[in-house]
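Let me begin by presenting the structure, written as structure tokens, before commenting on it.
Quick caveat: nothing in here was measured; it's all calculated off a predicted structure. Below, chains carry the letters A, B, ... as their sequence lines are ordered, and counting in each starts from 1.
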Amino acid sequence: MKEPQIIVCAKQIPDPEAPFSNVTVNVEKKQVAVDAPDVISPYDENALEAAIRIKEELGGKITILSMGRKVSDTVLRKTIAAGADALVLLEDPLFEGLDSGSTAHVLSCAIKKIGDWDLVLTGRQAGDWDSGQVGLIMGEMLDVPCVSLARSIKIDDGKLLVEKSVPVGYEMVEASLPALVTVSNEVGELRYVARSKMLGLLRRPMSIPKWNSKDLGCDIDRLKKLQLTELVPPADMGRQCTLIEGAAQDQACRLAEVLSELR
Amino acid sequence: MSEILLLVEAKDGALDKKSLELMQGALGLGRQLGVATCAVVAGSDTARLAESAASFGLDKVYRLEHPLLAGFQPDAWVKGLEWLCGQVNPGIFLLSHSFVGKEVGPRLACRLNTALTTDCLGLSVDPGDGLLVRTKPIYGGNAIASLKCEGVPQMATVRKNAFEPVGEAQSASAIVEMVPDIGEDAIRVKSIKMVEQEVVELDKANVVISGGRGIEAKEDFDMLEALAAAMSKSHGNVMIGCSRPVVDKCWMSSDRQVGLTGTIIAPDTYIAVGISGAIQHLVGMIRSKKIVAINTDPGCNMFKVADYGVVGDYRDIIPALVKKLEEQR
Amino acid sequence: MIPERPMFWGIDYSWLFYVIAFVAICIFAVGVGIHISVWRKSKSKSNTSISWQAVKQSLLEIVSGARLFKGDIAAGTAHFLMFWGFIILLIGTSLLAVHGHVYSFLTGTTYLAFGFFMEIGGLALLVGITWSLVRRYVQRVPRLERRLEDAVVALWLLVIACSGFLLEGVRLAAQRPGWDEWTALGPMIAGFFPQAAARSIYPGLWWGHGLLCLAFIAAIPYTKLFHLVGAPASYYLHHSPVTLSPDPEAAFEPGVQWDLAQRAFLDACTRCGRCVEACPSAGAGEPLAPRAFVQAARQSLWREERPAGDIRFLLDLDPVEDRSAWFCTTCGACLEVCPVYAAPFEAVGKKRAMLIEEGKGVPDLMNQTLERLFNYENPWVSSKRDRAAWAKGLDVPVIKAGGNNEGFCYFVGCTTSFDDRAQAIAVSFSALLKQAGAEFGILGDKEPCCGDIARVVGELGLFMEKMENCTELLDKFSVSDIVTSSPHCFHTFLNEYGDSSFRVRHYSSVLKELLAQGKLRPQNRVNATVTYHDPCYLGRHNRIFDDPRQVIRSIPGVKLVEMEHHGADSLCCGGGGGRMWQGQDIRGEARMSEIRIKEARGTGAGILVTACPLCLIMMEDALKTVGYEGEMKVMDLNELLLQSLSNG
């Protein structure tokens, strides 16, 4: 069998680990500002780890595909340091603030442009909007078998074998290639990338193709921006602690009411 | 505008509570817009499920019957629902933000050439353009966005607890049996086997009750178990967690540890019993939607991050609480 | 007749002996040469001029066997006997050759004295080797391994010693000299042999003994006996003043990173296992075996540097699991007890560096911690914001860039800044400084991480970055005098930053000075028995044992008692070496901190005092998990001192 050509879609987002005090919601501009450095969305890192493991076993090539207006190749070079082979950035002002379907459309165009591929991996959802749509929609657009929530991915004799997380445990599923799989955290964390490797890469010149909407030939009319009507901070952000006072019995009664409300 | 459609799901053979909540939301929109509100049940033997779905005041319940719809094969379900939408042309299509909804929703939206919003906390209709306004949390709940999308049907998946479960209605809804056109070729991903696992996955719990250093004896975790049992009847998946000292004492296995060095979780409700709130613990549970703290020390950190705080001895409070919860039922 | 010993008495082809001896010495020299060639492949530059001071120190350690007596008098004595027995016999045999070929002097009383000393030497060797064999195979001392090499080498020596005595006895039986030998064993053995029989077996016995001895010499570089050469080399290199650290750029190339001294240490290791015995991680039932790391490091070094292969034979090593590299706390207890100054924790560190470079097998939490350290300048929280939160409302002076900053910079450190319990260190230390009227300032939210965690877990690239970043910042704020909360930051600034221009102290030394200057006058009686836990990076790594103790003694009413393990033999709390951030999959049967708190409780002390934020957190946790709450307290040195100073 030929060595698998894998494409991993990776999104750059502000570190979702940042504490809530670092998140500012600008109601007027309908913008969220996160005082945190950009990272690769954690589930996408899981997807890359899955891809590297396949590559370790079968060889092949891993291409990272990332879309956005200001994608930082510093952040994305981490994927190369970890074991990916190529990086393609999709940059265009038109790509900013797209909804899930449009994002999937752009990524699918890029994947078609890359041409030679056997497997597309994405994280189960992005760590900022947590929509969990792009991967699945791309599966439809590319018209290939699509498996979500993978906890383990294997390619065996040209066939795709996935353990898919389901509420009761996991399901073993099989599909033919090419295919698309969305990856869950059970796959395992992306291997550690030593700083020395990163620095080595940053020093080395690297040609990173940057494609815009024209290069991709995507249908501009299909690109729809998210229409935000309102953006507000959550009501309970302050975590004002309501103390439940009184004797133990009274406290228990009140707490029982509270818990019933939380149902 | 044409009808509102919602996907009804079963859980352990009965109607899922999330579907009842979804019906409430859908019926509300239906009344507001003055359109019919219909539900669809899918499967290979849906008679009973359709029957029970029919008792909540919906206009119609579609029974989507097909052998390939047995179990949950996403390929078949997407195909079946696509076929149904072609037949009934719903104006709004709602799903639960469940395992099924999360998988079927995006794919179906793509096939119907429309846009879906996932994990919505609230829905309303903009009277100006008639579009569905979807409210959803973003950035880990640190911001709440409301947005509109073009496309028909207007689609959303709805988070549990967004609406109250609907109450039973007097008249039964009409049940319409439909047999979709699904070919074997629609199924491209074959299920080989299902492996059920009994694992502690704290991050899958709806409620986590954690004991910490303040728990004086291993046996006292029985109280927490009793509370978990009482709550599991109404709150979904309730699990017992703990903080690091408890694992250190070998009272609990490390897969139950919440915190930087254990599992990082974001359940709907987190109940911290006898946990003072060391930073490494807080990191692991700070994203819980609601936090309840029970501790003897009113100055402890946990009260600073909790929504509800009970200053007192857990040995007095929890047994009383368990009793109270059982009385409520 | 004058007593003397005829050379090659009754031996034909005596020239053959010299030929074989020459061959044996050549084999020995080639082996030693190969070792040295591997050492010299180190790319780090080292001092080439000879330090006579180091030679003196080394010789003293060699002849006294001091490193071997330390902590194990039995092993020390057995080794001392073997060592001196071997030396006496070696010198004696050489003298005999001089006597026979150069200048005959071993006659009359001199010869009798010679015989006497040779018997003493033989006996010492015999007793030493027998004792060692008993310790290893009868007593089965836990730290000793029982590999093929251990048996072969020891039995070989035993046979040499025994055959030597037998040979002497048979010679006396055959010669029947007319004088009384000043020996006891020889004549006794002679009694068993009739003269004729003795005459006939003597040549065979002589050749047997001689060949065994020559083969033994030839085997030295190819077995653990190499420590005969390696240990003196290690001693010298350890004491020799300058062994420059390797080129930082080269630090990431495998193999290259071992400097000359470290290479000698690896080769000098005899697998004695003192490190295993001293290791607090192994003591807590964790799968870390420092000895195994040294051996594995040695093997992989040889594999890289010598394509033709390792020259050690009889060495059947167990593979070392990668995972076990994450258990080391880098406490340095292994180095403290190592007879040849090998630092097994450095071997572990290099293994970690390799694992980090590969990226695989890094514990998840460590992975996240390093990412956090990179992004947020601390291993605790994903934000830089609350670094100085502890100082809110305390009116602690903050150093300004370019400002005229008097006094020293109090470098609070990550753990002291972010951990609730450890913040007490910063709060109480700054209170003390203000009472003493000391000029100081903190860097506030600008304070960077010194990079210690990155270094100890083997993320050397990140450490370099942190170091550069930190040096730059300290420069920008014109900081030239640093006082740290954490012994870890202290050690890093002092020893790992290369030639930095700033002065570094740990707070305990500052407290001692302020007390000595009379700026702090403890007055309130603190009626308590306290015991002091030496933090590894303050005590063992930097030899500051007394400053904190002096501070404790200055407090009226306090009685200081010592734990069994204190000073250089202190037991690690289990929080160092990045262990604080390595999660639950890394743990043994017992917790190091619990073992330690039990020892502290055993002294009857009501307060355990320590001087490190990590120790404070670990011991405080252990206090609670062991259930000593109410009976005992864990306090930082600052907190204790503040008690006797605060008004009220």
Side-chain angles (χ1 to χ4, degrees), chain A residues 16 19-20 23 25 32 34 99-101 104 127-133 136-137 139-141 144-148 166-176 224 226-234 236-237 239-245 248-249 251-253 255-256 258-260 262-263, chain B residues 74 99 102-103 105-107 109-111 115-116 118-119 126 133 137-150 161 188-197 231 234-235 268-269 286 290-293 303-313 316-317 320-321 323-325 328:
Chain A
F20 59 76
V23 181
V25 178
V32 178
V34 185
D99 68 10
S100 301
D128 51 358
W129 273 69
D130 287 319
S131 291
Q133 295 202 61
L136 292 163
I137 298 177
E140 293 292 324
M141 289 177 169
V144 293
C146 172
V147 185
S148 64
V166 298
V168 293
Y170 67 92
E171 184 182 8
M172 281 285 301
V173 299
E174 186 193 278
S176 60
K224 289 180 197 131
L226 277 167
Q227 293 182 47
L228 272 179
T229 58
E230 196 185 29
L231 190 69
V232 290
D236 58 347
M237 275 305 292
R239 297 261 173 171
Q240 271 299 335
C241 185
T242 312
L243 281 181
I244 297 171
E245 323 246 6
Q249 276 300 328
Q251 289 176 315
C253 284
L255 191 55
V258 166
L259 291 178
S260 309
L262 294 181
R263 205 160 33 187
Chain B
F99 174 70
K102 282 188 255 187
E103 169 119 23
R107 295 177 64 182
C110 179
R111 293 209 188 165
L116 165 83
T118 54
D119 201 16
D126 184 332
V133 179
I138 57 173
Y139 291 97
N142 288 311
I144 307 293
S146 298
L147 55 146
K148 294 195 284 191
C149 304
E150 309 280 336
N161 299 333
R188 299 208 270 190
V189 177
K190 273 193 218 81
S191 177
I192 297 172
K193 64 171 177 193
M194 191 70 87
V195 181
E196 294 197 12
Q197 281 181 315
M231 286 183 75
S234 49
H235 288 71
D268 298 333
T269 307
I286 195 73
K290 287 287 174 190
I291 298 169
V292 178
F303 286 127
K304 294 179 194 152
V305 301
D307 300 285
Y308 297 96
V310 183
V311 180
D313 190 331
D316 301 331
I317 293 160
L321 175 61
K323 215 167 138 224
K324 199 78 206 160
L325 286 173
Q328 277 181 0

Among [options], which has the most heavy-atom pairs under 4.5 Å with chain B?
options: A:P145, A:C146, A:A175; result: A:P145
options: A:S131, A:S148, A:S260; result: A:S131
options: A:V147, A:V25, A:L226, A:V173; result: A:V173
options: A:V232, A:V166, A:L243; result: A:V232

Non-hydrogen atoms of [X] and [Y] that approach each other most closely:
X: B:L116; Y: A:Q133; value: O-NE2, 2.7 Å
X: B:D316; Y: A:A248; value: CB-CB, 3.6 Å
X: B:A145; Y: A:L228; value: CB-CD2, 3.6 Å
X: B:P106; Y: A:I137; value: O-CG1, 3.6 Å

Looking at [options], which one has more heavy-atom pairs under 4.5 Å with chain A than the rest?
options: B:L147, B:V195, B:V189; result: B:V195
options: B:K148, B:K323, B:M231; result: B:K148
options: B:R111, B:M194, B:R188; result: B:R188

Under 4.5 Å from any heavy atom of chain A - which part of [X]:
X: B:Y139; value: both
X: B:R107; value: both
X: B:S191; value: both
X: B:A115; value: side chain
X: B:V133; value: side chain

Indicate yes or no for a side-chain donor-acceptor contact from [X] to the backbone of [Y] under 3.5 Å, with no hydrogens or angles considered.
X: A:Q249; Y: B:A320; result: no
X: B:S146; Y: A:T229; result: no
X: A:Q251; Y: B:G312; result: no

Quick one: what part of A:D128 sits under 4.5 Å from any heavy atom of chain B, side chain, backbone, both or neither?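 When you check distances to chain B, atoms from both the backbone and side chain of A:D128 fall under 4.5 Å.
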Quick check on A:V34 against chain B: is it the side chain, the backbone, both or neither that has a heavy atom closer than 4.5 Å?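 For A:V34, the side chain is the part near chain B, not the backbone.
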CD1/A:I244 to OH/B:Y308 distance, rounded to the nearest 0.5 angstrom?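 Output value for this atom pair is 7.5 Å.
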Distance check, rounded to the nearest 0.5 Å: B:L325 atom CG versus A:C253 atom SG?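 Rounded to the nearest 0.5 Å, the CG-SG separation comes out at 10.0 Å.
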Measure the shortest side-chain to side-chain distance between A:L259 and B:L321 over non-hydrogen atoms and say whether it is less than 4.5 angstrom.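 They are in contact (side-chain heavy atoms under 4.5 Å apart), so the answer is yes.
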The single option from B:D119, B:I138, B:T118 passing side-chain contact (heavy atoms from CB on, under 4.5 Å) against A:W129: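 Filter result, single survivor: B:I138.
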